[in-house]
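Below is one structure, written out as structure tokens; comments come after it.
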2 protein chains.
Amino acid sequence: MARKRITPGKIRLTEVAKLAGVSPITASRFFRTPEALSVGKRARVESAAKELGYVPNLAARALASQRTEVVGVLIPSLTNNVFADVLRGIYDALDGSRYSIQLANTRYSILQEERLLRLFLAQKPAGLIVTGINQTADSRAIMESVDCPIVQIMEIGPSPIDMMIGFSHFDASRAAIAHLLAQGCRRIGFLGARMDPRVQRRLDGYQAAMNDAALFDPRLVVTTAVPTSVTLGGTLFADLLAKAPDIDAVFCVNDDLALGALFECKRRHMAVPDQIAIVGFNDLEFMSSSVPTLSSVRTNRYEMGRDAATMVIETLEGRRPAEPVVDLGFSVMERQSSARRS
Amino acid sequence: MARKRITPGKIRLTEVAKLAGVSPITASRFFRTPEALSVGKRARVESAAKELGYVPNLAARALASQRTEVVGVLIPSLTNNVFADVLRGIYDALDGSRYSIQLANTRYSILQEERLLRLFLAQKPAGLIVTGINQTADSRAIMESVDCPIVQIMEIGPSPIDMMIGFSHFDASRAAIAHLLAQGCRRIGFLGARMDPRVQRRLDGYQAAMNDAALFDPRLVVTTAVPTSVTLGGTLFADLLAKAPDIDAVFCVNDDLALGALFECKRRHMAVPDQIAIVGFNDLEFMSSSVPTLSSVRTNRYEMGRDAATMVIETLEGRRPAEPVVDLGFSVMERQSSARRS
DNA sequence: ACCGATATTGACAGCGCTACCAGCACCTTG
DNA sequence: CAAGGTGCTGGTAGCGCTGTCAATATCGGT
């Protein structure tokens with residue numbers, strides 16, 4: 001009846017154990033809790049594994065142990081420079097560790113996010129990194145009931161699911177406006193694209209700052225659900241000028257829009273900053289080398305990814321960070337595009 | 001002695017089979033080869049699975065079947081816009097399919113690539129997407145001996161490992177130079193960063209075109225191993241001007257450098273294109289909205305990723321593409337920055 | 001020398017699924 | 001009506017590893 005599914009020269013843990021003269025379970029322990037082995041056996045297993053070129057079978061390990069060494073990462077976009085930096089941080093932190101990454105793209109949809117979450121959790125990930133704090137109620141419930149470290153990234157807020165690392169988009173935006181006000185600007189326009197939750201909070205920060213200064217005017221705000229681009233920055237800026245021709249500054253929710261606005265100014269022969277001040281958000285690399293250099297709000301994206309991944313690892317290794325919520329802050333980079341008019 | 005490791009309410013294939021009134025193996029077949037079931041059982045298993053909310057255990061599946069449904073993707077950079085577009089194509093194509101993606105970052109090192117390759121292949125991926133055609137001899141040997149579809153992306157060349165999709169960087173570069181020559185430029189500089197194999201081939205194309213026109217001069221070439229950035233574009237352009245003050249055009253191996261060169265021209269009050277023509281490479285979104293608009297070589301990055309993933313899937317489903325090497329071509333986008341001087 | 005505590009090692013079964021073969025019913029063909 | 005498909009279903013074992021407990025070795029203290 002049953003025929004062995006013979007696997008010829010394959011190197012399994014059994015082979016390593018045999019060569020090392022120990023039982024398979026001891027060899028197994030070498031890879032998981034080496035400190036539990038006597039020094040002699042540890043060395044024997046190590047050299048046997050190296051000699052045979054043993055590579056553990058992760059599927060078997062996952063099946064037997066009921067868990068994986070995969071960290072799931074959920075981000076809304078693959079093309080956005082911001083997330084590219086975050087991802088690089090995550091990959092750098094996890095590179096060389098035992099953990100690997102499963103990346104999925106929610107496309108800014110929390111329903112898609114929920115679907116992907118279920119998919120992930122069914123495979124029992126070691127940890128989870130999710131973007132933002134606006135999950136569906138179901139997503140939240142799922143994550144709260146699951147027993148693995150979870151880090152919410154990009155922003156901070158009350159009641160983290162588990163851990164959190166980011167900064168306040170509201171405060172960052174308000175600080176940018178405060179800077180423009182300090183430069184003497186009064187009619188400060190707002191350009192927003194995509195309008196995901198974090199951009200929305202930047203709008204809130206803008207509005208709060210403008211209201212505090214008694215300068216808010218709905219005609220100053222131009223937003224769209226369309227994804228951001230440099231070209232869109234020009235278009236939105238043109239729309240803004242049509243609604244409020246008397247603006248003396250514009251705050252853009254990201255640097256692409258800011259660059260687009262700058263180009264639109266060029267096209268219209270409007271002097272930056274003398275006629276119009278421009279401030280962007282994120283401080284991408286090009287902001288400091290454009291002409292004029294563009295002011296922006298620097299955010300620590302690479303660090304965010306790296307530290308989020310590190311928080312996951314530390315928790316898994318039993319060294320849970322003392323503080324579950326980390327505020328990475330921001331800094332307003334004041335450059336030529338918003339220099340005080342002389 | 002042996003105690004059952006009881007798993008209480010967990011839904012396994014057995015539970016689904018029981019509810020559907022079939023054997024586990026029949027239920028299993030429903031998920032792999034539904035067409036092999038009778039219509040009645042198919043419906044019964046389907047509704048049972050849905051009722052119980054069954055989610056297959058991928059680790060068990062992988063262990064039993066000796067293969068996974070993971071497509072490994074090896075790219076050199078996570079922050080480069082070019083790869084972000086490619087990745088988006090890959091994710092889009094695989095989204096909704098049964099396959100998932102394992103992404104790894106080689107950081108432009110073929111040794112790192114080889115290491116990651118071994119890691120991947122030990123887990124028996126369903127397919128593989130790797131960047132470029134310059135692998136180590138060992139990497140190549142490993143991939144040739146492995147039995148899964150492999151697509152090399154970004155460029156095309158002789159002797160594909162399996163399949164290939166991309167375009168000729170040499171030809172694309174030569175076409176860009178031909179365009180500049182046609183615009184009347186004679187002293188055409190070359191700006192290169194990172195100098196990975198594909199950039200090197202763009203340099204080769206430049207050199208061939210310049211030699212054909214008897215215009216090549218080594219002083220026109222400025223390259224560096226440093227990773228690209230807009231700021232670097234300005235720096236390299238300044239270096240170029242120092243070496244060859246009489247240039248009338250500059251070809252940049254990517255758009256970041258081109259934008260940086262444009263800004264440097266602004267800083268030096270050099271008129272573009274009247275004094276200096278600029279052409280970039282990749283045709284990122286911002287190229288068409290800068291002032292002046294920037295000429296570039298459009299490459300089909302999203303399509304490359306999408307089609308590469310599709311080629312993998314098609315092969316796995318037994319519909320191997322007739323043509324293993326796909327040339328996606330390119331097009332020279334002629335814009336203001338290289339318009340014929342009047 | 002004896003006792004209990006601690007470090008090390010091993011035996012066994014089982015994680016949840018699928019490969020393999022066998023069996024049966026129903027056809028088709030000559 | 002026999003022979004040989006073809007389509008569908010099921011039984012059995014096993015993929016390679018680890019959880020659980022048991023067994024043995026080692027050691028300090030009295």
Side-chain angles (χ1 to χ4, degrees), chain A residues 1-45 48-49 52-69 98 122-124 126, chain B residues 1-45 48-49 52-69 98 122-124 126:
Chain A
M1 29 198 61
R3 60 287 88 198
K4 305 275 182 194
R5 285 183 242 168
I6 33 79
T7 1
K10 196 184 296 176
I11 292 129
R12 288 159 310 173
L13 198 48
T14 318
E15 274 69 52
V16 175
K18 199 167 295 172
L19 180 61
V22 299
S23 70
I25 188 67
T26 300
S28 166
R29 273 193 274 260
F30 168 75
F31 293 100
R32 293 174 293 142
T33 50
E35 67 281 2
L37 294 199
S38 63
V39 184
K41 305 223 167 180
R42 201 183 307 172
R44 296 232 301 282
V45 176
L52 295 173
Y54 171 70
V55 181
N57 181 321
L58 298 188
R61 181 179 285 177
L63 180 58
S65 68
Q66 299 281 55
R67 55 196 158 66
T68 65
E69 289 176 343
R98 63 200 306 172
Q123 310 317 327
K124 309 211 180 57
Chain B
M1 31 200 59
R3 61 286 89 203
K4 306 273 181 193
R5 284 182 243 169
I6 32 79
T7 1
K10 195 182 299 176
I11 292 127
R12 288 159 309 171
L13 196 49
T14 317
E15 273 70 51
V16 175
K18 200 167 291 171
L19 180 61
V22 300
S23 71
I25 186 67
T26 300
S28 164
R29 273 193 275 259
F30 168 75
F31 293 100
R32 292 173 296 138
T33 50
E35 68 281 1
L37 294 199
S38 63
V39 185
K41 305 221 167 179
R42 202 183 308 172
R44 295 230 303 281
V45 176
L52 296 173
Y54 171 70
V55 181
N57 180 320
L58 298 189
R61 183 179 283 178
L63 180 59
S65 68
Q66 299 281 57
R67 54 196 158 67
T68 64
E69 287 175 345
R98 64 201 304 174
Q123 312 316 327
K124 308 210 181 60

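Just so we're on the same page: letters track the sequence lines, and every chain starts at 1.
- Counting only residues at least two apart or in different chains, salt bridge (charged side-chain N to carboxylate O under 4.0 Å, His left out) contacts with residues 15-29 of chain B comprise Arg12(B)-Glu15(B).
- Here the C1' atom of nucleotide dG10(C) and the NZ atom of Lys18(A) are 16 Å apart, to the nearest Å.
- Side-chain rings of Tyr54(B) and Phe30(B) stay apart, their centers remaining 6.0 Å or farther from each other.
- Map Ala60(A) and Gly21(A) each onto its nearest nucleotide of DNA chain C; the residue landing nearer the 5' end is Gly21(A).
- Contacts of residues 28-38 of chain B with DNA chain D (heavy atom under 4.0 Å): Arg29(B), Ala36(B), Leu37(B), Ser38(B).
- One atom, CG of Leu58(A), and another, P of dG16(D), lie 13 Å apart when rounded to the nearest Å.
- With dG10(D), dT18(D), dC15(C) as the candidates, the nucleotide lying closest to the side chain of Ser23(B) is dG10(D).
- For Ile25(A), taking side-chain heavy atoms from C-beta onward, the closest of the listed nucleotides dT9(D), dC17(D), dG19(D) is dG19(D).
- Nearest nucleotide to the side chain of Ala64(A), out of dC17(D), dT18(C), dT9(D): dC17(D).
- Phosphate contact (OP1/OP2 of dG16(C), side-chain N/O of Arg12(B), threshold under 4.0 Å): present.
- Rounding to whole angstrom units, CD of residue Gln123(B) and P of dG16(D) are separated by 13 Å.
- Across all strands shown, Arg67(B) has heavy atoms under 4.0 Å from sugar-phosphate atoms exclusively, and none from any base.
- Of the side-chain N and O atoms in Gln66(A), none sit less than 4.0 angstrom from OP1 or OP2 of dG14(C).
- For the pair Tyr54(A) and dC17(D), the criterion of a side-chain N or O lying under 4.0 Å from OP1 or OP2 is met.
- Side-chain atoms of Ile11(A) and Val16(A), non-hydrogen and from C-beta on, do get closer than 4.5 Å to each other.
- Atoms NZ and CG, on Lys124(B) and Leu63(B) in that order, are 9.5 Å from each other to the nearest 0.5 Å.
- Within 6.0 Å of CZ in Arg67(B) there are 12 or fewer heavy atoms belonging to other residues, nucleotides or ligands.
- As rounded to whole Å, 13 Å separates atom C1' of dC15(D) from atom CD of Glu15(A).
- If you take CZ of Arg61(B) and C1' of dA19(C), they are 14 Å apart, rounded to a whole angstrom.
- The side chain of Lys41(B) places an N or O atom within less than 4.0 Å of a non-bridging phosphate oxygen (OP1 or OP2) of dG10(D).
- Contact of the Thr68(A) side chain with the Leu58(A) side chain is not registered, since no non-hydrogen atoms from C-beta on lie closer than 4.5 Å.
- Distance, Leu63(A) CG to dC15(C) C1': 4 Å, rounded to whole Å.
- Taking atom CG of Leu13(A) as the reference point, atom P of dC15(D) lies 14 Å away to the nearest angstrom.
- Remark: Arg61(B) CZ to Arg32(B) CZ distance equals 8.0 Å, nearest 0.5 Å.
- Here the side chain of Asn57(B) is nearest to one of dG16(C), dT18(C), dG19(D), namely dG16(C).
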